[in-house]
Each structure stands twice: as C-alpha cells, then as structure tokens.
Amino acid sequence: MAVAPDGVKDGFQLTKEASASGPVALVVDGAQRDLAAVPPGGSDVHVVTQTDELGREIMRHSAAHVLAQAVLRLYPGAKYAIGPPIEDGFYYDFEVAAPFTPEDLERIEAEMRAIVAENQRFERSEPGRDAALETFVDQPYKLEIISGVAEGADALEQQGASGATISLYSNRRAGEDEPSFVDLCRGPHVPATGRIRAFKLLRSSGAYWRGDEHKPMLQRIYGTAWESKDALNAYLHRLEEAERRDHRRVGRELDLYSWPEEVGPGLAIWHPKGAVVRKTLEDLSRAMHHERGYEPVYSPHIGKRTLWATSGHLDFYKESMYPAMRVEGAEYFLKPMNCPFHVLVFRSRTRSYRELPVRFSELGTVYRYERSGTVHGLLRVRGMTQDDSHIFCRPDQVVDEMVEVIDFLRALYGTVGLGPDRVRFSTKPDKSVGAPELWDLAEEAIPKALQKAGVDYQVDAGDGAFYGPKIDVDARDAIGRYWQLCTIQVDFQLPERFGLEYTDEHGARERPVMIHRALFGSVERFTGVLVEHFAGAFPTWLAPVQAVVIPIADRHVAYAGGVAQRLHNGGVRAEVDDSDDTMGAKIRRGQLQKVPYMLIVGDAEASTETVSVRPRSGKERRDVAVGDFADTIVAEIQARKLDPSY
RNA sequence: GCUGGAGUAGCUCAGUCCGGUAGAGCAGCCGCCUUGUAAGCGGCCGGUCGCAGGUUCGAAUCCUGUCUCCAGCUCCA
C-alpha cells in the first residue's frame with residue numbers, strides 16, 4: 001500500500017519505483033485498475049502481483065481473452081460469449097459449428113502459445129455505447145450484453161458492462177494498426193499476453209448460454225493458468241491427487257460399495273467393508289442424537305397420495321418423485337422426504353407446551369428421481385438415507401433450537417475431522433407455499449441464529465425449500481467441488497397444512513414451528529465425502545479392518561490367531577492374513593488396503609507375547625506387549641481419535 | 001434432461017482407423033516355497049467384446065437404435 005505521489009505517473013512508473021515483484025495491476029482506492037492507469041494524486045494505491053490470488057484471477061481472465069482470440073483465428077465465424085476467471089483457471093463460451101474435440105484443443109492451445117509469444121499488449125478503451133454496438137455487429141452475444149447495460153443488469157457487470165460505462169480491451173500485434181482481438185470487458189488485464197507464463201487447456205463441454213437450459217447450448221473450453229511452470233505443474237499434480245482420492249475409485253479398491261447396472265442409476269449396494277464404515281457413522285449419529293434429546297421414530301417407505309397432497313409434495317416436488325404405485329385402487333408414492341411421517345407422529349396425540357421442543361429423529365431412506373446425468377457415485381444418488389430430524393417447538397424457541405443444532409453440527413463434524421467449509425442461507429424460492437408473513441418470520445430467525453452461533457455465511461437468494469428458508473452447509477470433495485451436506489430448514493407451512501397444535505399455558509391452541517434438519521445430509525453422500533477426505537485411509541475407529549495380524553511363517557499362524565482373537569474380544573475389527581504369500585506381499589496388501597495397524601508376528605514375538613506394530617506410516621515399533629497394544633487401540637477407537645497412537 | 005466422450009475378463013488396459021471367429025498384467029483357483037517389513041515361483045480358470053437390430057461370405061471393428069458410465073451445463077442431500 002502506498003499513496004500515489006502528485007504528478008502524472010502510471011502504474012508502470014509507480015511499480016518500477018516501488019520495485020514490486022511481478023506487478024500485474026493496481027487497486028486504486030479499492031477499485032481494480034490496469035498498470036497503465038494513472039492514479040490521481042493522493043489516492044491509495046495497492047500493487048497486485050502475479051502471485052496474489054487477485055493477480056492470478058486477472059491473469060486468468062487475460063488468458064481467457066487469449067483463448068478467445070485463438071478460437072476466432074482458427075474458427076472463422078465463431079461467436080464468442082463470455083469468458084471469466086474461475087477458481088484455478090478460466091473458461092470461455094463459444095458458438096461454433098461443431099463441438100471441440102481434444103485435437104481442436106491442442107490446436108487452440110498451440111495458437112494461444114503463439115499469441116503469448118507475440119506479447120500483445122492489452123489496451124483499454126471506452127468508446128461509448130454506439131461505437132461498441134458497431135464493433136460487435138457480428139457478435140450477437142456481445143450485443144446482448146451491451147443491451148443489458150442499459151437495463152442495469154448487475155450480473156453482466158464483469159463482462160465489461162459495469163454501470164453505464166462500456167469498456168473494451170484490444171490486443172494488438174507489434175507494428176500493426178488493426179487490433180487482432182477486441183473484447184467487451186470490465187478489466188483490468190495484465191499489461192501484455194506474455195505475462196501469461198504457464199497455462200493448459202483442460203477440457204471442453206456444452207454449457208447453456210447464461211446457464212439457462214432453455215437457451216442455446218454453447219461450447220465451453222476450460223483452462224488453467226499460473227504464474228510459473230512450477231505452479232502449473234503443482235496444480236496438475238493436485239488434480240491427479242484428487243483423482244486418486246475419488247470415492248468411486250477408492251470404493252472399488254477397498255471393496256466398499258458398488259452400483260450394479262441391473263439395480264439402476266444412483267442406487268448403491270454396500271459391501272461388508274463399506275457397510276462397516278457406514279454403520280459406524282450411523283451409530284455415532286444415533287448416540288449423539290440420543291445425548292441431545294432426540295427421540296428415535298420409524299416410518300414406512302411409501303405413503304398414500306393424500307399424504308403427499310396434504311404436505312404439498314405433489315404440487316411442489318412431484319418432478320423429483322418416483323411415479324405412483326397403484327394398489328387396491330389407491331395410489332402410493334415412494335417417499336422423497338421423511339417429514340410428513342414425523343408430522344403425523346407429532347399429531348398422533350394432543351401436545352402440551354410443556355413437552356416442547358419435541359425432537360424426532362430417524363435414519364430415513366428416501367428416494368428421489370434425480371435427472372439422468374446428475375447422479376454421481378455416492379455424492380448424488382436416487383436412493384439415500386438421511387439422518388433426518390424434525391424439531392417441533394414454540395415460535396419463541398426457534399432461534400435457540402437452531403443455535404443448538406449448529407452446535408450439534410460442529411460437534412459431529414469435529415468428530416469425523418471435517419470442518420463445515422461453507423455455510424449458505426437460502427431464502428424463499430419462486431415456487432413456494434405459505435403466507436409471506438410466515439416466510440418473513442422464518443427468514444428473520446435464521447440469520448439471528450447464525451449470528452448467535454457466530455457462523456459466517458453467505459446468502460443464496462431464492463434457493464430455499466418450497467416450505468421454508470434453510471441453512472446449508474457444504475463440504476469440498478477431492479477435486480474442489482462443493483457438496484451440500486447439512487441442511488437446516490425453518491418451516492411454518494407443514495404445521496399449518498397438517499393442522500398441528502399444542503396447548504399453551506392458558507389452554508389455548510397454538511401452532512408449533514418445525515425445524516427440519518439433517519446433519520450428515522445423506523449418509524451416502526457424507527460417507528463418500530469422508531472417503532475422499534481421508535483418501536480411504538480412515539482413522540482407526542472408522543476403518544473397516546482396524547488391525548491385520550501377519551504371521552511370518554505357517555508356524556506362527558496359531559499365535560497370530562490368538563492375538564486377533566484377543567483384539568476381537570476387545571471389540572477391535574482384527575483379521576489374520578494366513579494366506580501363503582510372503583510377509584512382504586502381506587504387508588503390501590495391508591498397506592494398499594490402508595489398514596491402520598499391521599501386527600507382524602514371528603518367532604521372536606511368539607516367544608515373548610509381543611507383536612511388531614507396523615502402522616500405515618511404516619514406522620515400525622517392535623516388542624510391544626500384546627496387552628499393551630490391545631489397550632492402546634481400544635482406547636484409540638473408543639475416543640474416536642483421528643491420529644494414530646503409533 | 002442437454003452437449004460431448006467412453007463401454008473388451010473381477011480390476012487396469014491393448015486390439016477398433018485399414019472387418020478375417022479375442023490378448024496382457026493384476027486379482028481368483030491349484031501346487032511348490034516357510035518366508036522379518038510394499039509384489040517368491042509354476043500352472044490353471046476366466047470374456048455371447050454393454051444390449052438389440054442392420055450391412056457383409058464373415059462384425060469387438062462399419063451403420064442405426066437403446067442402456068450405462070465419465071466430464072461439463074441445468075437441478076439437488
């Protein structure tokens with residue numbers, strides 16, 4: 001940070017004097033500017049360098065322009081739409097005659113290298129609306145964006161339509177008058193294309209214009225760009241690492257679960273080892289719900305039409321429901337949610353204000369007809385089990401209940417070693433039920449609770465459930481995608497629709513408020529995220545096999561069996577590898593299966609009642625008394641420790 | 001649902017462009033070896049080439065349809 005001196009000096013001169021490394025752009029009084037800009041005397045000037053996240057973002061945005069120039073050079077007649085920077089990279093959308101092939105991407109990348117080598121300058125201009133319209137007379141998407149400026153469409157701001165100012169950025173080859181590329185753009189940009197040091201095109205795919213499936217599909221090219229070859233390689237390595245952690249791949253390698261084609265898309269079957277992980281999580285969930293005053297309930301998988309009509313699902317959720325089954329003249333639907341059943345548990349008798357809040361919980365398996373093309377391993381399925389609870393409380397209890405739920409969430413996630421990465425507050429959607437006043441009440445309660453719990457959050461306008469606003473907590477998967485896990489929803493509608501009541505202290509009938517909440521979200525998705533989070537190397541308490549005893553030779557099998565039995569008696573999931581492989585092969589197998597502890601036993605161990613403990617880390621410890629190991633691992637499991645004891 | 005890509009043994013993949021009745025490694029099974037910290041050796045088994053049509057004397061290979069998966073878009077826990 002510096003104060004700009006008086007007198008006309010642009011960013012180039014300023015940064016030269018400040019000897020900043022790798023300057024990319026300026027932030028002048030909080031506004032991003034090109035290095036070529038001349039900050040007014042006395043203004044606050046901050047130099048953005050190429051390794052700042054902002055600097056990378058600007059450079060990636062510039063790389064998107066280079067991509068567009070390359071495509072326009074190679075594919076005459078191509079229309080270009082938008083090309084923003086995104087996390088770790090950039091993309092650009094085009095309308096072209098045919099989708100891009102991998103070979104196309106190679107050609108385009110080569111062309112981009114040429115443009116970078118030409119070191120074309122980025123030059124800003126503000127030609128005014130009419131001139132801009134003239135410039136893009138053959139570019140319908142650009143014309144549409146420019147038209148949006150007049151209507152004050154904020155969403156288009158980043159495409160060069162900030163406020164009423166229309167700005168263009170031109171690239172020019174040295175010594176030529178005509179620009180080789182012009183784009184509508186807010187900027188800023190790097191000074192010249194040569195500043196894009198290392199980049200790679202990653203993939204192409206279809207993408208709807210403005211993300212609207214009713215609008216034409218454009219062809220999007222994704223790329224990544226970095227300030228150095230090393231940084232690019234590090235990123236590519238990260239992508240590979242992410243692929244190694246992919247829960248679908250790990251699940252196959254560790255024999256956790258599968259999706260047989262004959263069952264149907266998005267419907268998983270759990271193998272014994274995956275089932276252990278899942279059950280361990282479910283047991284944890286049940287135990288914690290019990291501690292926090294939730295009462296278990298059970299409900300069926302199907303319910304008659306009238307139930308779903310009353311709840312509003314048939315009006316607002318039907319496209320996500322499997323079609324009706326007809327039995328004895330009645331229509332039954334597979335449940336997409338558990339809430340109507342829990343509502344009926346509440347309504348099964350009269351309720352007093354004295355017993356509120358009432359908290360019902362169920363690991364309820366629901367079925368949703370997700371559109372084909374959206375299912376994804378365990379992270380997006382059609383049959384899922386929610387750790388679903390419904391809290392029925394008085395209106396004055398809502399905020400405290402939500403604070404309690406958030407506390408619960410933190411305790412639960414902390415136990416498994418996940419941090420809630422992102423919290424979103426979603427407000428009333430277009431399709432919704434209920435009186436606006438009730439929505440207002442609910443939407444006031446949520447931020448209040450979040451603030452009281454000290455949680456940072458972002459607002460997603462219009463993303464709420466049809467019956468109420470919600471808090472969603474997202475976790476990141478191995479390749480940086482966010483997955484919605486926990487959801488907490490405030491609902492005034494279902495109590496109304498089902499006519500729920502309690503008697504208050506004056507004998508009057510009052511309507512309770514409902515809080516819907518699932519902390520894992522779905523057990524399937526949560527498990528999938530955890531598999532990626534741990535890359536299959538679960539902490540001991542979650543590991544399918546917690547210890548494998550490895551006899552060195554056949555004569556040690558009996559002793560190994562005794563060790564395993566002793567561990568088993570202590571509740572440890574222990575096995576003996578009595579295959580006729582060599583010890584090295586057994587260790588390798590244990591290592592690949594990511595078993596927390598391998599216990600190697602030979603003559604030395606058998607004669608002294610000890611084991612050699614070889615943890616996954618490979619740091620072996622010899623001469624550990626069997627009893628000591630058993631005590632240690634049992635304590636580690638019971639405490640649900642995330643780090644190994646050895 | 002949309003755009004593109006891909007389906008060959010349990011897994012990873014070769015063969016497909018230029019039709020001539022399928023091949024490797026790992027896994028599995030059997031046997032030998034009796035092992036001291038990430039793959040001992042030998043043998044055997046294993047595929048209606050996703051499915052259904054079509055073209056052809058002949059189809060894993062070419063054509064059409066369909067299912068599933070993958071990436072992205074859209075939508076969601």
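So that the names make sense, note that chain A is the first sequence line, chain B the second, and so on, each numbered from 1.
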Among B:rA77, B:rA38, B:rU34, which nucleotide sits nearest the side chain of A:Gln386?
B:rA77

Students often get this wrong, so: under 4.0 angstrom with heavy atoms, is A:Ala518 touching a base, only sugar-phosphate, or nothing?
nothing

Sugar-phosphate only, base, or nothing, as touched by A:Leu592 at under 4.0 Å among non-hydrogen atoms
base

Which of these nucleotides, B:rU3, B:rC2, B:rA77, is closest to any side-chain atom of A:Gln219?
B:rU3

Should A:Arg60 and A:Glu57 count as an ion pair when the cut-off is N to O under 4.0 Å?
no

Between B:rA77, B:rC2, B:rG4, which nucleotide gets closest to the side-chain atoms of A:Gln484?
B:rA77

Looking at every strand, decide which applies to A:Leu485 at a 4.0 Å heavy-atom threshold: base, sugar-phosphate, or nothing.
sugar-phosphate

With sequence neighbours left out, the residues meeting side chain to side chain donor-acceptor pair (under 3.5 Å) with A:Tyr80 are none

Please pick, from B:rG40, B:rA77, B:rA38, the nucleotide with the shortest atom-to-atom distance to any side-chain atom of A:Gln591.
B:rA38

Does A:Ser205 have any side chain to side chain contact (heavy atoms under 4.5 Å, CB included) partners at least two apart in sequence or in another chain, and if so, which?
A:Tyr222

Counting heavy atoms from C-beta on, name the nucleotide in B:rG72, B:rA39, B:rA77 closest to the side chain of A:Tyr222.
B:rG72

Can you work out whether A:Tyr369 or A:Ser522 has the more 5'-proximal nearest nucleotide on RNA chain B?
A:Tyr369

Measuring only between side-chain heavy atoms, which start at C-beta, is A:Val576 closer than 4.5 Å to A:Pro551?
yes

When you get a sec, tell me which of B:rG40, B:rU68, B:rA77 is the closest nucleotide to the side chain of A:Thr582?
B:rG40

Can you pull out every salt bridge (Lys or Arg N to Asp or Glu O under 4.0 Å) where at least one residue sits in residues 379-389 of chain A? Sequence neighbours excluded, please.
A:Glu370-A:Arg380

Regarding the side chain of A:Ser205, the nearest nucleotide among B:rA71, B:rC11, B:rC75 is B:rA71

With sugar-phosphate meaning primed atoms plus P, OP1 and OP2, does A:Arg249 contact a base, only sugar-phosphate, or nothing at under 4.0 Å between heavy atoms?
nothing

With sequence neighbours left out, the residues meeting ring-ring contact (aromatic ring centres under 6.0 Å, His included) with A:Tyr294 are A:His289, A:Phe408

Nearest-nucleotide check on RNA chain B, A:Met337 vs A:Arg622; residue mapping nearer the 5' end is A:Arg622

Scan A:Gly584 against the nucleic acid and name what it touches under 4.0 Å (heavy atoms): base, sugar-phosphate only, or nothing.
sugar-phosphate

Side chain to side chain contact (heavy atoms under 4.5 Å, CB included) partners of A:Val626, counting only residues at least two apart:
A:Tyr559, A:Val563, A:Arg566, A:Val611

Please work out if A:Lys470 contacts a base, only the sugar-phosphate, or nothing of the nucleic acid, heavy-atom cut-off 4.0 Å.
sugar-phosphate

Shortest side-chain distance from A:Pro265, nucleotide among B:rU68, B:rC76, B:rC32
B:rU68

Scan A:Arg371 against the nucleic acid and name what it touches under 4.0 Å (heavy atoms): base, sugar-phosphate only, or nothing.
base

Starting at CD of A:Glu253 and ending at C1' of B:rU12, how long is that distance when rounded to a whole Å?
10 Å

Determine the contact category for A:Arg368: base if any of its heavy atoms lies under 4.0 Å from a base atom, sugar-phosphate if only primed atoms, P, OP1 or OP2 are that close, otherwise nothing.
base

With a 3.5 angstrom cut-off on both distances, give the Watson-Crick or G-U wobble partner of B:rG65, or none if there isn't one.
B:rC51

A:Arg248 bridged to A:Asp246 by N-O distance under 4.0 Å
yes

Nearest-nucleotide pick for A:Arg248, side chain only, options being B:rA77, B:rC2, B:rA71:
B:rA71

Using a strict heavy-atom distance below 4.0 Å, which residues from residues 599-612 of chain A are in contact with RNA chain B?
A:Ile600, A:Gly602, A:Asp603, A:Ala604, A:Glu605, A:Ser612

Has the side chain of A:Gln489 got a donor or acceptor that lies under 3.5 Å from a partner of the other kind on the base of B:rA77?
no

Looking only at the side chain of A:Ala553 (C-beta and beyond, no hydrogens), which of the listed nucleotides B:rU3, B:rU34, B:rA39 gets closest?
B:rU34

